[in-house]
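Along the sequence shown, residues are numbered consecutively beginning with 1.
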Amino acid sequence: MKKNIACAALAALAVLSGCTSVESTQKFNGLGLGSKEEKAVCLTHVTMTGYYLFGLPLITGSAAEDGKSAVFMDNLKAEHAVALLTREAKARGAARVSNVTVDYCDFPTLLPFVSKRIYQASGVGVRTKKEAVRYAQTEFED
């Protein structure tokens with residue numbers, strides 16, 4: 001009976017855990033999000049969620065890819081969130097990421113001794129005119 005309850009609780013955590021989420025937009029409603037030297041290419045937001053029992057990881061978001069989870073691995077770190085952020089910005093054609101912010105929160109859940117942790121990172125992918133021309137040439141040649 002206790003084993004069934006523990007399995008049900010773990011299954012509920014798996015459903016509620018979310019995972020790793022990477023979202024990016026390139027629509028700025030006609031507003032320039034950059035400076036005279038740089039143009040904004042994308043705004044990217046990364047969320048990594050995980051559940052911990054007595055500080056030990058149960059289910060966490062994957063440090064490798066969007067939409068995945070990992071079991072018993074402690075992936076919730078600022079370096080992983082920023083790595084996902086920069087990878088997505090580079091895929092969207094950005095040369096660098098500016099205005100990077102990383103946020104972390106940890107709070108208890110309904111189950112005793114289980115806590116939920118969330119890492120979030122966001123930033124604006126930018127490139128200069130010279131980098132944009134180089135990127136366009138590369139894309140044209142491919």
Side-chain angles (χ1 to χ4, degrees), residues 2-3 5-142:
K2 289 182 183 180
K3 197 176 200 180
I5 293 173
C7 288
L10 191 57
L13 282 177
V15 170
L16 297 174
S17 70
C19 54
T20 297
S21 159
V22 179
E23 297 180 28
S24 194
T25 185
Q26 293 177 302
K27 297 186 180 196
F28 305 118
N29 295 326
L31 296 176
L33 294 179
S35 64
K36 291 181 181 180
E37 297 83 29
E38 296 178 325
K39 180 182 178 190
V41 177
C42 64
L43 173 64
T44 304
H45 183 78
V46 175
T47 303
M48 298 177 73
T49 306
Y51 287 91
Y52 290 75
L53 176 67
F54 296 113
L56 300 173
L58 294 174
I59 299 169
T60 62
S62 173
E65 52 187 307
D66 182 20
K68 300 291 182 181
S69 295
V71 180
F72 305 122
M73 294 177 65
D74 191 11
N75 290 327
L76 299 188
K77 297 178 180 171
E79 65 189 75
H80 294 166
V82 172
L84 287 167
L85 173 72
T86 54
R87 186 181 312 145
E88 175 69 14
K90 187 175 183 179
R92 298 285 182 151
R96 67 184 192 89
V97 180
S98 65
N99 301 328
V100 175
T101 59
V102 178
D103 186 33
Y104 164 79
C105 67
D106 187 357
F107 52 91
T109 62
L110 297 175
L111 301 173
F113 311 115
V114 175
S115 63
K116 181 177 182 180
R117 295 182 188 174
I118 300 173
Y119 259 99
Q120 295 181 330
S122 63
V124 178
V126 296
R127 65 177 168 216
T128 63
K129 185 175 182 178
K130 181 192 274 187
E131 291 162 341
V133 170
R134 190 177 321 128
Y135 179 76
Q137 286 174 338
T138 305
E139 289 295 309
F140 181 75
E141 292 171 0
D142 287 341

Step by step, work out the side-chain contact (heavy atoms from CB on, under 4.5 Å) result for Ile118 and Phe107.
-> CA-CA 9 Å; Ile118 300 173; Phe107 52 91; 4.1 Å; yes
With rounding to the nearest 0.5 Å, note down the distance linking OG1 in Thr44 to CZ in Arg87.
-> 12.5 Å
Closest heavy-atom pair, Thr60 versus Pro57, reported as atoms and distance to 0.1 Å, is CG2-CB, 4.1 Å
Show the atom names and distances, to 0.1 Å, of all donor-acceptor pairs under 3.5 Å that link a side chain in residues 74-82 to residues at least two apart or in another chain.
| unit_1 | atom_1 | unit_2 | atom_2 | d |
| --- | --- | --- | --- | --- |
| Asp74 | OD1 | Tyr52 | OH | 2.5 |
| Asn75 | ND2 | Gly61 | O | 3.2 |
| His80 | ND1 | Asn75 | O | 2.8 |

List the atom of Val126, the atom of Ser98, and the distance in Å for their closest heavy-atom pair.
-> CG1-OG, 3.9 Å
Under 4.5 Å between any side-chain heavy atoms of Met48 and Leu84, yes or no?
-> yes
Heavy-atom closest pair (Ala121 atom, Val102 atom, distance to 0.1 Å) is CB-CG2, 4.1 Å
Side-chain donor/acceptor of Arg127 to backbone N/O of Val41, under 3.5 Å | no
Roughly how far apart are Thr128 OG1 and Lys39 NZ, rounded to 0.5 Å?
-> 12.0 Å
Shortest non-hydrogen pair, Arg117 vs Gly55, comes out as NH2-CA, 3.9 Å
Evaluate the side-chain proximity of Lys116 to Thr49: yes if any heavy-atom separation is below 4.5 Å, no if none is.
-> yes
Check whether any side-chain heavy atom of Leu58 sits under 4.5 Å from a side-chain heavy atom of Phe72, and report yes or no.
-> yes
Residues Gly125 and Ala89: closest non-hydrogen pair is CA-CB, 4.4 Å
Any side-chain donor paired with an acceptor under 3.5 Å for Thr20 and Ser62?
-> no
How far apart are the closest heavy atoms of Ser115 and Thr109, and which atoms are they?
-> C-CG2, 4.2 Å
